[in-house]
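One structure is given here, and the rest of the page talks about it.
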Amino acid sequence: MPERRVIILGSTGSIGTQTLDVIARLNQHSPRFRVVGLASGSNAPLLLEQAERFHVPHLALASGHPSLPAHALTGPDSALRLVRQVDCDLVVASMVGVAGLPATLAAIELGRDVALANKETLVAAGELVIPAAGRSGSHLLPIDSEHAGVWQCLASAWGLGAPPCATPAGVSRVTLTASGGPFRTWDKARIHAATPDMALRHPTWSMGRKVTIDCASLMNKALELIEAHWLFGVGADRLHAVIHPQSLVHAMVEYADGSTLVQLAPADMRCPIQLAITWPQRAAGPVKPLDPASLSGLQFEAIDADRFPAISLAYRVIRAGGTSGAVLNAANEEAVQHFLATPSMPFGRITEVVSDALDTVPQGPLRSIEDFERADALARALVRARLGLPARAVAAVP
Ligand code: MG
């Protein structure tokens with residue numbers, strides 16, 4: 001395999017640091033991956049440590065820092081400028097939130113392959129991003145266990161192709177699994193009143209704080225259903241989610257002839273990370289494969305839409321299209337951010353205000369980044385008003 005030059009956006013976060021670990025391991029035998037650029041939001045010490053360890057020539061830091069080298073890019077658009085200025089083969093998009101959208105979209109427009117961990121890119125702007133990938137030939141390689149699972153289950157129909165693409169006619173159902181999070185067995189009133197500490201105790205996955213909260217509300221699964229819709233061209237009628245507390249089966253694809261292909265792997269993000277960066281090849285894995293003899297206790301159960309209303313919001317967004325995904329995502333980001341900072345805010349308010357935003361904020365077609373920005377700002381303003389927070393002058397993204 002020829003050398004691949006890689007830029008990592010969000011290199012100091014959970015996915016970014018694990019991506020660097022996977023690259024270090026893959027390079028032990030033959031140095032195939034060269035990290036040519038790293039972008040971080042505000043963690044200058046770790047960014048500098050990574051740059052030294054991987055001999056990275058180009059750096060971007062949104063917040064700026066006195067100890068950065070003079071040629072480092074700084075400011076809120078530094079990741080976007082890094083993508084535009086530095087030639088590469090693969091961009092790992094692992095920034096948190098819609099802050100990652102402009103740089104990810106630029107990478108796609110430049111025809112780079114994008115290993116996509118930033119689900120907000122597709123949720124909020126799928127109607128822009130997918131046509132852009134179609135024009136440039138960019139592959140969107142999912143760094144998300146469920147989408148990596150769907151991708152592998154569909155591979156028998158597609159050979160070694162990569163998303164985005166249309167789900168073949170012979171596929172009757174695409175199912176994502178959800179661990180159920182820490183509140184899987186809780187009743188509705190107890191879930192509603194839960195605190196950040198309770199919501200941050202995820203039973204199977206170790207992740208960043210925002211996505212951990214999203215897992216507790218199943219909003220993460222809602223975002224993933226919308227993401228799967230865009231990545232695999234599958235409509236709401238063929239898209240499902242099911243609770244699977246062990247997080248070993250990540251996805252299932254049911255074919256019209258009655259066969260269902262299931263993808264299993266340890267609950268370790270380094271598996272989908274490695275598949276995305278080594279595609280179309282596979283390499284020796286970072287984790288011990290599952291022993292079939294240990295799989296006797298796998299459980300599956302239907303999602304209770306009454307206790308976890310986020311799921312029905314996903315189907316609503318998939319059917320409505322346009323800017324509805326931007327509204328859902330912005331409302332959720334704003335509500336989660338406030339929940340994490342405010343122990344007195346009940347957990348159930350998050351989904352309530354997101355639903356309220358979908359009811360209230362005007363929605364329409366998504367034809368430009370400006371359409372996205374307008375919907376995003378209106379949703380954030382509405383949520384802040386509902387939560388009794390002062391309005392912000394700019395629709396700031398953390
Ligand atoms: Mg996932």
Side-chain angles (χ1 to χ4, degrees), residues 10 13-19 22 92-98 100 104 114-124 126 140-154 163 174-184 199-232 234 239-253 262-277 286-287 300 303 308 310-311 313-314 317-318 325 328-329 332-333 336:
S14 172
I15 297 292
T17 52
Q18 291 184 77
T19 301
V22 167
V92 179
S94 55
M95 294 159 86
V96 177
V98 288
T104 307
V114 174
L116 191 62
N118 177 271
K119 59 191 67 169
E120 290 84 356
T121 295
L122 283 176
V123 170
L140 305 182
L141 311 160
I143 295 189
D144 203 341
S145 54
E146 296 81 359
H147 304 85
V150 173
W151 179 25
Q152 293 174 80
C153 291
L154 286 171
V174 170
T175 301
L176 311 182
T177 63
S179 71
F183 305 148
R184 178 173 66 90
L200 285 169
R201 272 181 231 133
H202 196 276
T204 50
W205 291 98
S206 166
M207 303 167 294
R209 282 158 62 86
K210 198 271 181 178
V211 62
T212 304
I213 297 297
D214 286 344
C215 283
S217 62
L218 293 203
M219 186 61 81
N220 183 57
K221 209 51 51 184
L223 300 177
E224 289 181 352
L225 285 166
I226 301 166
E227 194 185 8
H229 158 67
W230 288 115
L231 277 175
F232 305 111
V234 56
L239 202 45
H240 292 259
V242 67
I243 302 267
H244 166 52
Q246 290 79 23
S247 300
L248 297 176
V249 170
H250 304 293
M252 307 179 194
V253 172
V262 174
Q263 189 263 343
L264 296 110
D268 190 315
M269 285 308 292
R270 290 174 300 168
C271 295
I273 289 170
Q274 178 165 309
L275 181 68
I277 66 177
V287 297
F300 298 90
I303 294 176
F308 297 105
I311 297 296
L313 301 181
V317 164
I318 291 169
L328 172 106
N329 180 68
N332 182 57
E333 277 192 16
V336 169

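Both counts, for ligands and for their atoms, begin at 1 and track the order of listing.
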Determine whether a donor-acceptor pair (N or O, by modelled atom type, separation under 3.5 Å) exists between the side chain of T212 and the backbone of L200. no
Main-chain N/O of E224 paired to H147 side chain as donor or acceptor, under 3.5 Å: yes
Nearest heavy-atom neighbours spanning L122 and L140: CD2-CD1, 4.5 Å
If we ignore hydrogens and angles and just use 3.5 Å, is the side chain of K119 paired with the main-chain N or O of E227 as donor and acceptor? no
Donor-acceptor under 3.5 Å (Q274 side chain, V22 main chain): no
State, to 0.1 Å, how close V336 and K210 come at their nearest heavy-atom pair, and which atoms those are. CG1-CG, 4.1 Å
Counting no waters, what protein N/O/S atoms lie under 2.8 Å from the Mg ion (ligand 1)? D144 OD1, E146 OE1, E224 OE2
